[in-house]
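Whatever order the structure lists ligands and atoms in, that order sets their numbers, starting from 1.
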Amino acid sequence: MRSLGICEVKTTSQIPDEPYDSWVTQLYWQMGLAKLAYPEANIRGTILAVDLNTGDIREFNGFTPSEVIFDMLIDKAHNIWAAVNGESTPDCEPSLLCGFCEFREDCPVFNRDNLPEDVWKTVHLFAQLKEQRDELETKLEPLKESILKYIGTNKFSATNSDLGLTVTVMAPRLAEFVDNKRLKEELPDIFEQYKQIREYPASLRVYHKKTKSNGGE
Ligand code: SF4
């Protein structure tokens, strides 16, 4: 019996712990189509995720064709084709990709208050990496203190060409600033005359919500 291996290659900026649903769906498509072409073949599928920033590669394997899933995907394809021909409205499925969709404002199923699974997976990945970063920062701080203890806090620069490293120290400095709150209260005209408006990009916070059982509200 002929054996066939299907490999779905995905490039990403961070490899998740589990493959995204859209990746898995695409693999089931490929395996289902291969099964139609080679019904007798022993078909196996794998997803190869490549992190474009770090060069890391991770394989998610062990997939085999599923008639049930393939039939669902065929129904979906019929639905899309009918929608393309103006015969029906598409059964849209919100996903992370909605972030790039130009029809989002009018889309009947896009809903910020009900995040799809792959968005939650990305939030989870973000939280895990943030925890790793926090752990690293905790380890970096005592190293920094040890180095500064030796070198001192005056302006300094040194290079080790064998290691290809340069270390510099910026001496402590004073910064002047204006107390905006007081200026606005006590000299509002001056505040208005000199104020500048700066736009900051949206910020994102991901954190573990405190519950009564872990000491929170
Ligand atoms: S916003 Fe709507 S139309 Fe656009 S990708 Fe998401 S579900 Fe599809």
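- The shortest distance between side-chain heavy atoms of R173 and M170 falls below 4.5 Å.
- Excluding waters, the protein N/O/S atoms found under 2.8 Å from atom 4 (Fe) of ligand 1 are C101 SG.
- With sequence neighbours excluded, no residue forms a salt bridge (charged side-chain N to carboxylate O under 4.0 Å, His left out) with K149.
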Donor-acceptor contacts under 3.5 Å from residues 91-105 side chains, at least two apart:
| from | atom 1 | to | atom 2 | distance (Å) |
| --- | --- | --- | --- | --- |
| D91 | OD2 | N79 | ND2 | 3.4 |
| S95 | OG | L97 | N | 3.1 |

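- Under a cut-off of 6.0 angstrom, the local environment of CD in E18 is sparse, with at most 12 non-hydrogen atoms contributed by other residues, nucleotides or ligands.
- Using bins of under 30°, 30° to 60° and over 60° for the plane-to-plane angle, the ring pair F60/W23 lands in the tilted bin.
- Judged as a side chain to side chain donor-acceptor pair (under 3.5 Å), not a single pair has a partner in residues 62-75 (not counting sequence neighbours).
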